[in-house]
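The structure under discussion appears below in the form of structure tokens.
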Amino acid sequence: MSTMQDKADKSEHKGESRRSFLKTLWIGLGVVAIAEVVGVVYMYLRPRKQHIKEETFGSVITAGSADDFENDSVTAFRRGQLYLVRLDDGGFLALSRKCTHLGCTVPWVESEKQFKCPCHSSAFNIKGEVLRSPAPRPLDTYTVFVENGIVKVDTNRRSKRNRFESSQVIYS
Ligand code: FES
């Protein structure tokens, strides 16, 4: 009789162990699933950055002779993390490559004459003005100056702006 009781106790104990194991397993799987969801959300929301060498960023960059830049053109300076824009009237404007939404690098799409952010679809015109949100303001600018026909950009001075103004454009 006691043997049968022992067997029943052991069987019940095994059942409890199995239930406990399954409970722990489900909790573990739940934690893993939550961690994956958090990871996916983070990867989606974080700003995507390109790895750009910054040897020249934070200094005055010599862009080149003013004559080398055609009107209505955009030239990327990867190391300076900027675009040198020459407007159709010949004026120069240096724009930051960083989107004013969350800081993604914004490529210039020549065929559409727009800067288009790959992260959340903001778009900017050649002057850096917002054409499509969520970007809250135009692309930041850097100070441009022309010395003896040579265009230079001071990447130490990035300026936020709420709108494009003609005073931001430099003429040679
Ligand atoms: S970083 Fe969000 S639109 Fe550019």
Side-chain angles (χ1 to χ4, degrees), residues 30-146 150-172:
V31 168
V32 169
I34 289 169
E36 281 190 7
V37 169
V38 169
V40 167
V41 170
Y42 172 76
M43 292 298 285
Y44 177 74
L45 292 178
R46 81 186 167 114
R48 289 172 214 157
K49 293 180 179 172
Q50 290 181 0
H51 296 288
I52 297 171
K53 288 187 178 180
E54 298 186 17
E55 296 104 73
T56 53
F57 183 72
S59 60
V60 174
I61 291 174
T62 300
S65 169
D67 296 338
D68 291 344
F69 300 96
E70 292 180 10
N71 288 5
D72 196 28
S73 68
V74 174
T75 306
F77 288 81
R78 291 178 60 82
R79 291 180 178 173
Q81 301 181 20
L82 62 92
Y83 290 107
L84 184 66
V85 172
R86 188 155 202 191
L87 300 175
D88 53 11
D89 67 355
F92 287 99
L93 194 58
L95 301 177
S96 166
R97 294 165 59 101
K98 285 190 172 186
C99 182
T100 53
H101 179 222
L102 292 176
C104 291
T105 298
V106 184
W108 169 249
V109 181
E110 179 64 33
S111 59
E112 298 179 42
K113 293 284 181 189
Q114 289 181 12
F115 296 98
K116 295 181 86 174
C117 185
C119 293
H120 313 100
S121 303
S122 286
F124 308 83
N125 67 14
I126 196 167
K127 295 172 182 170
E129 295 172 297
V130 177
L131 297 174
R132 188 170 55 239
S133 57
R137 56 188 167 75
L139 294 173
D140 296 343
T141 59
Y142 291 102
T143 302
V144 185
F145 51 101
V146 182
I150 304 297
V151 182
K152 298 181 179 181
V153 182
D154 186 349
T155 59
N156 285 302
R157 299 186 207 164
R158 191 169 79 187
S159 304
K160 293 179 180 176
R161 56 190 179 145
N162 291 320
R163 61 183 167 278
F164 168 77
E165 290 174 15
S166 56
S167 60
Q168 295 158 0
V169 180
I170 301 301
Y171 295 89
S172 54

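Whatever order the structure lists ligands and atoms in, that order sets their numbers, starting from 1. Just so it is clear, the values below take in all heavy atoms, side chains as well, and ignore hydrogens, waters and symmetry mates. This is a predicted model, so every value here is computed, not measured.
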Check whether Asn71 reaches the backbone of Asp88 with its side chain - one donor and one acceptor, N or O, closer than 3.5 Å. yes

Please check if the side chain of Thr155 supplies one atom and the backbone of Ser59 the other of a donor-acceptor pair under 3.5 Å. yes

Of all the atoms in ligand 1, which lie at a distance below 4.0 Å from a heavy atom belonging to [X]?
X: Cys104; value: 1 (S)
X: Cys99; value: 1 (S), 3 (S), 4 (Fe)
X: Leu102; value: 1 (S)
X: Ser122; value: 3 (S)

Is the shortest side-chain N to carboxylate O distance from Arg158 to Asp140 below 4.0 Å? yes

Check His120 and report its N/O/S atom nearest to atom 2 (Fe) of ligand 1, by atom name. ND1

Tyr83/Phe115 aromatic ring centres below 6.0 Å: yes

Indicate every side-chain donor-acceptor pair of residues 126-136 with a distance under 3.5 Å to a residue at least two apart or in another chain.
unit_1 : atom_1 : unit_2 : atom_2 : d
Glu129 : OE1    : Asn125 : ND2    : 2.7
Arg132 : NE     : Ser121 : O      : 2.7
Arg132 : NH2    : Ser121 : O      : 3.1

Please name all residues satisfying side chain to side chain contact (heavy atoms under 4.5 Å, CB included) with Glu165, sequence neighbours left out, ordered by chain then number. Arg163, Ser167, Gln168

From the options Pro118, Ala135, Cys117, Gly103, select the one whose nearest heavy atom is closest to atom 4 (Fe) of ligand 1. Cys117

Atom 4 (Fe) of ligand 1 to nearest N/O/S of His101 below 2.8 Å: no

